[in-house]
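Hydrogens, waters and symmetry mates are skipped; everything else that's a heavy atom, side chains included, is used. For this chain, numbers begin at 1 and follow the sequence in order.
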Amino acid sequence: KRPPASILFIFGGSGDLNYRKLTPALYNLFLDEWMPEQFSIVGIGRTEYTAEAYRTHLLEGIQNFSRRKGEQNGHVKKFFEHVNYLQLDAGDVASYARITEYVQAKETEWGIHPNVIFYLAVAPQLVPSIAQELGTLNLCKDKATTRIVIEKPFGHDLASAHELNALLTGLFAEEQIFRIDHYLGKETVQNILALRFANALFEPVWNRHYIDHIQITAAESVGLEDRAGYYEHSGALRDMVQNHILQLMCMVAMEAPVSFDANEIRNKKVDVLNAIRPIRREDVHESAVRGQYSAGWMKGKQVIGYRDEKNVAPESKTETYAAVKFYVDNWRWQGVPFYVRTGKLMHQKSTHVTIQFKDAPTFAFPSEAAESWRSNRLTISIQPEMDIRIRFQAKRPGQTMTLDPVNMTFNYEGSDDHTPEAYETLLLDVMEGDATLFMRADQVEAAWKVIMPILETWETRQPQDFPNYNPDSWGPEDADALIAKDGHAWINLP
Ligand code: BG6
């Protein structure tokens, strides 16, 4: 069922996010017949564009970044009939009247009262003033049909996130506010819920009695990609751990929801964040490791170090890698470590979650039968592979009792072209008004609270060993030591 008639205003309409992600996602939704019968997409920006030039610019984005490139039986033309551009200075209060006029014109044309969605794909410092102006527009008073979408970063720390929440919730009802964490829109991330709660097989062993530890890796092979302006003031902990990684952790660790209601799911997830054991400042060095990449070689190509990147301070202490050990203090997870890590310019792009089960209680086989008892492992690959593997021991065919770990794999093989991108799922949810996969105010703040002691400690102490890892590696040695001292090793997927 298609969502109701919608007008999408994209602030930052001439920006990179719209070019690479939003318009290509909307185009794919259009091809898949998920867009409403009546819809209008309006880019808002300061850059001067004629409608025609704007469409040409976005078409280029589709050709470069959409999972289905370019023309599909005349659909490009049809899609762009719905796309317009409004040159507007977001700082000029009077110009917001043009938004209201646009909506009124569409209402008259369509003969119905459509959804009005404001997507703020702008620099974080512009969010408060735009939200403020929108909040005073009469058309935002309709809680059922007006929505505001906020991109990350949501605040810079707990205090600023709290302030932003206070501002937004003062202007809009919580159900109107859609805070994006694009990881939640990924097919494989959503599938964690299906795996855990649509099967009776896994849940009985999904706890401290059977699970030894959990690892979450979000390794990227790209480096800074010209984003110094943002990243220098962010770093891996803010950029990836506060949001994407903690959200993955919530999916893995949450209790079973009793319904698929947005607030029910989010309640269960926020419970996990609230149960994460606070890391004391004096213990940060025991539980967290930061890293920064040096110059070196990446897949045969020479790359510069982080500190040599354009607009990066020569003594920058911004981390491009972070690893943290968390505990979740509740009945299910007491004593089970969660090791998480993320980094840029690492050996390969790979995001995966590994559930390492405990050893078999006794081993009746001759000791030479197997190299390790530690065989039971469930791995959920989020990207680029999209699969679920269960590793267990099996007898090697032959006359001797020799055991080998084998993998049973489910994958979404060949479905790449049909697998919606995260932004497609999330944009569709916004049009439908379904906030399940979006961050509620308390979730965002709870996540900041978790990382604040690490952030504050790192900010006050200059790292002595930066840069401390090579491009094309798996991160700093200290991160290996962090997990090795508990008798484990990071699991890198082939
Ligand atoms: C973004 C971060 O939120 O996620 C980027 O700001 C990062 O630094 C990106 O590269 C990773 O997303 P994905 O979908 O490519 O894993």
Side-chain angles (χ1 to χ4, degrees), residues 181-196 199 202 205-206 210-222 236-237 239-254 269 272 289 291 320-326 328 333 336-357 372 374-392 405-413 415-416 419 421-422 437 469 472-476 479-480 482-484 486 488-494:
D181 182 318
H182 80 281
Y183 267 53
L184 296 177
K186 291 183 191 278
E187 275 299 308
T188 37
V189 174
Q190 294 176 67
N191 195 38
I192 297 174
L193 293 183
L195 175 83
R196 290 194 55 203
N199 296 296
F202 304 108
V205 294
W206 208 268
Y210 297 95
I211 293 176
D212 184 79
H213 71 274
I214 290 176
Q215 297 188 16
I216 300 177
T217 295
E220 295 189 85
S221 51
V222 294
L237 197 64
D239 186 48
M240 294 289 290
V241 179
Q242 188 272 341
N243 36 70
H244 309 323
I245 288 199
L246 284 178
Q247 285 305 306
L248 282 176
M249 190 165 151
C250 288
M251 299 289 243
V252 172
M254 68 191 268
K269 285 172 65 188
V272 175
V289 169
T320 59
Y321 175 100
V324 187
K325 172 171 140 180
F326 290 116
V328 178
W333 296 116
V336 178
F338 286 71
Y339 303 98
V340 309
R341 62 176 170 161
T342 183
K344 297 230 179 252
L345 227 53
M346 293 180 67
H347 179 60
Q348 71 189 31
K349 180 175 172 79
S350 177
T351 305
H352 58 269
V353 176
T354 305
I355 318 292
Q356 177 63 57
F357 290 93
S372 160
R374 185 156 293 177
S375 60
N376 292 155
R377 183 186 288 170
L378 188 144
T379 304
I380 304 164
S381 301
I382 308 290
Q383 60 183 25
E385 281 79 33
M386 301 198 290
D387 60 34
I388 294 175
R389 304 171 209 186
I390 299 181
R391 194 173 88 138
F392 56 94
V406 293
N407 276 318
M408 202 159 69
T409 306
F410 157 72
N411 69 28
Y412 287 90
E413 200 180 355
S415 55
D416 258 19
T419 307
E421 292 257 4
L437 299 178
Y469 74 95
D472 211 357
S473 74
W474 281 108
D480 294 335
L482 174 82
I483 187 165
D486 297 341
H488 309 307
W490 292 109
I491 295 160
N492 301 324
L493 289 190

Residue of the set Q215, H213, R377 for which side chain to side chain donor-acceptor pair (under 3.5 Å) holds with Q356: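 Per the side chain to side chain donor-acceptor pair (under 3.5 Å) rule, the option paired with Q356 is R377, out of Q215, H213, R377.
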
Sequence neighbours excluded, every pair satisfying salt bridge (charged side-chain N to carboxylate O under 4.0 Å, His left out) that has a member inside residues 344-356: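 For residues 344-356: E220-K344.
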
Test side-chain hydrogen bond (donor to acceptor under 3.5 Å, both in side chains) applied to T217 - qualifying residues, sequence neighbours left out: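 Applying side-chain hydrogen bond (donor to acceptor under 3.5 Å, both in side chains) to T217 gives R341.
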
side-chain hydrogen bond (donor to acceptor under 3.5 Å, both in side chains) against T342, all qualifying residues, sequence neighbours excluded: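 Here no residue qualifies.
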
H352 side chain vs I491 backbone, donor-acceptor pair below 3.5 Å: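 Flag set: sc H352 to bb I491 pair under 3.5 Å.
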
Backbone N/O of Y183 and side chain of D181: donor-acceptor pair under 3.5 Å: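 Here the side-chain-to-backbone pair exists.
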
Among V340, L378, V328, V252, the one residue meeting side chain to side chain contact (heavy atoms under 4.5 Å, CB included) with I214: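 Among V340, L378, V328, V252, the one meeting side chain to side chain contact (heavy atoms under 4.5 Å, CB included) with I214 is V252.
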
Member of I382, N411, T379, L493 meeting the side chain to side chain contact (heavy atoms under 4.5 Å, CB included) criterion with D387: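 Passing option: N411.
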
Criterion side-chain contact (heavy atoms from CB on, under 4.5 Å) on D212 and H488, from CA distance to verdict: CA-CA 10 Å; D212 184 79; H488 309 307; 2.9 Å; yes

Under a 4.5 Å cut-off applied to non-hydrogen side-chain atoms, are [X] and [Y] in contact?
X: M249; Y: I245; result: no
X: L248; Y: V189; result: yes
X: L184; Y: M251; result: yes
X: I388; Y: N191; result: yes

Side chains of Y339 and D486, donor plus acceptor under 3.5 Å: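 On atom types as modelled, these side chains qualify, holding a pair under 3.5 Å.
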
Any donor-acceptor N or O pair under 3.5 Å, side chains S221, Q348: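 No pair is found: no donor N or O on one side chain lies under 3.5 Å from an acceptor on the other.
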
W474: partners by ring pair (Phe, Tyr, Trp, His ring centres under 6.0 Å), with sequence neighbours left out: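 Ring pair (Phe, Tyr, Trp, His ring centres under 6.0 Å) check on W474 returns H347.
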
Non-neighbouring partners of F392 that pass ring pair (Phe, Tyr, Trp, His ring centres under 6.0 Å), sequence neighbours left out: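 Checked F392 against ring pair (Phe, Tyr, Trp, His ring centres under 6.0 Å); zero matches.
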
Side chain to side chain contact (heavy atoms under 4.5 Å, CB included) involving A253 - partner list, sequence neighbours excluded: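 A253 satisfies side chain to side chain contact (heavy atoms under 4.5 Å, CB included) with V272, W333, F338 once adjacent residues are dropped.
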
